[in-house]
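Below is one structure, written out as C-alpha cells; the observations come after it.
Just so it is clear, the values below take in all heavy atoms, side chains as well, and ignore hydrogens, waters and symmetry mates.
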Amino acid sequence: MNPKDSEFYRWMLHHARPMGWDLNETEQVGSVSSPRSRVLLVWAAIALSDGLTAEQTAQLAKGLGVSPDEVTAAYTPEMRQGAMDEILSNPDLASLNKALDELS
C-alpha cells in the first residue's frame, strides 16, 4: 500500500491541521528541505511497515496533540493488514492459511 493512500496518513493530516501545521511549509530534516506533508508521509511509511518505537510514537503524539495510545491505535490495524497481505502473497502460505481455516 502506498502510505499516501493510507487511513493513517489521512488521520495524521486531520490532526495536524488543528494543531496549526502548515502542511506546505518546508521543514529542514538534516540537510534536506521537505514540505511537512512529506514528513508525515515518511512517518506513515515507517509506521505501516515496521511500526513505531515508543519514542517515535510519543514524539508524533506530541506534535499532533493526541495521546501515544491514539497514535498506536491509528496505525496498527493497517500495519497488521499489510503484514498479513504480504504473508498471503506467498502461495504456499496462502494454501496453509486456507487449510487452517478449513480446520476451524
Side-chain angles (χ1 to χ4, degrees):
M1 168 186 282
N2 183 337
K4 194 170 190 172
D5 298 328
S6 71
E7 289 294 323
F8 182 58
Y9 179 67
R10 286 191 288 279
W11 180 88
M12 286 191 295
L13 293 176
H14 172 78
H15 288 283
R17 289 183 180 108
M19 290 297 292
W21 286 49
D22 177 353
L23 298 171
N24 295 316
E25 182 180 334
T26 300
E27 187 169 311
Q28 192 73 22
V29 180
S31 62
V32 177
S33 294
S34 185
R36 284 191 168 175
S37 60
R38 188 160 300 160
V39 172
L40 290 179
L41 192 57
V42 170
W43 278 110
I46 294 167
L48 296 175
S49 61
D50 299 324
L52 299 174
T53 65
E55 193 173 273
Q56 291 168 326
T57 301
Q59 182 181 3
L60 188 56
K62 183 178 180 182
L64 296 176
V66 298
S67 73
D69 287 343
E70 288 174 289
V71 172
T72 301
Y75 78 80
T76 301
E78 280 183 290
M79 181 188 70
R80 287 182 178 155
Q81 186 60 52
M84 183 59 77
D85 291 346
E86 186 176 333
I87 289 168
L88 294 178
S89 70
N90 178 315
D92 293 333
L93 294 177
S95 296
L96 176 61
N97 185 58
K98 184 177 177 183
L100 291 172
D101 284 345
E102 290 171 0
L103 290 174
S104 57

* Structure fact -> For L52 and A47 the tightest heavy-atom approach is CG-CB, 3.7 Å

* Identify the two heavy atoms, one from H14 and one from P18, that lie closest to each other, and give their separation to 0.1 Å. => O-CD, 2.9 Å

* Asked: What residue pairs, at least two apart or across chains, pass side-chain hydrogen bond (donor to acceptor under 3.5 Å, both in side chains) with a residue in residues 61-73?
  -> S67-E70

* Among residues two or more places apart or on two chains, list those pairs meeting ring pair (Phe, Tyr, Trp, His ring centres under 6.0 Å) that have a residue in residues 55-81. => F8-Y75

* Asked: Sub-3.5 Å donor-acceptor pair from the side chain of E78 to the main-chain atoms of E7, do we have one?
  -> yes

* How about R10: does its CZ atom have over 12 heavy atoms from other parts shown lying under 6.0 Å from it? -> yes

* Structure fact -> Contacts of L13 meeting side-chain contact (heavy atoms from CB on, under 4.5 Å) (sequence neighbours excluded), chain-then-number -> Y9, R17, L23, L40

* **Over all atoms of both residues, closest heavy-atom pair of W11 and V66** => CH2-CG2, 3.7 Å

* Residues that W21 engages under ring-ring contact (aromatic ring centres under 6.0 Å, His included), provided they are two or more places apart -> none

* To do: Only pairs at least two apart or in different chains count here, so list each side-chain hydrogen bond (donor to acceptor under 3.5 Å, both in side chains) that has a residue in residues 31-41.
  => E27-R36, Q28-S33

* **side-chain hydrogen bond (donor to acceptor under 3.5 Å, both in side chains): pairs with one or both residues in residues 45-56, sequence neighbours excluded** => T53-Q56

* Asked: About how many Å separate CE of M12 and OG of S6, when rounded to the nearest 0.5 Å?
  -> 6.5 Å

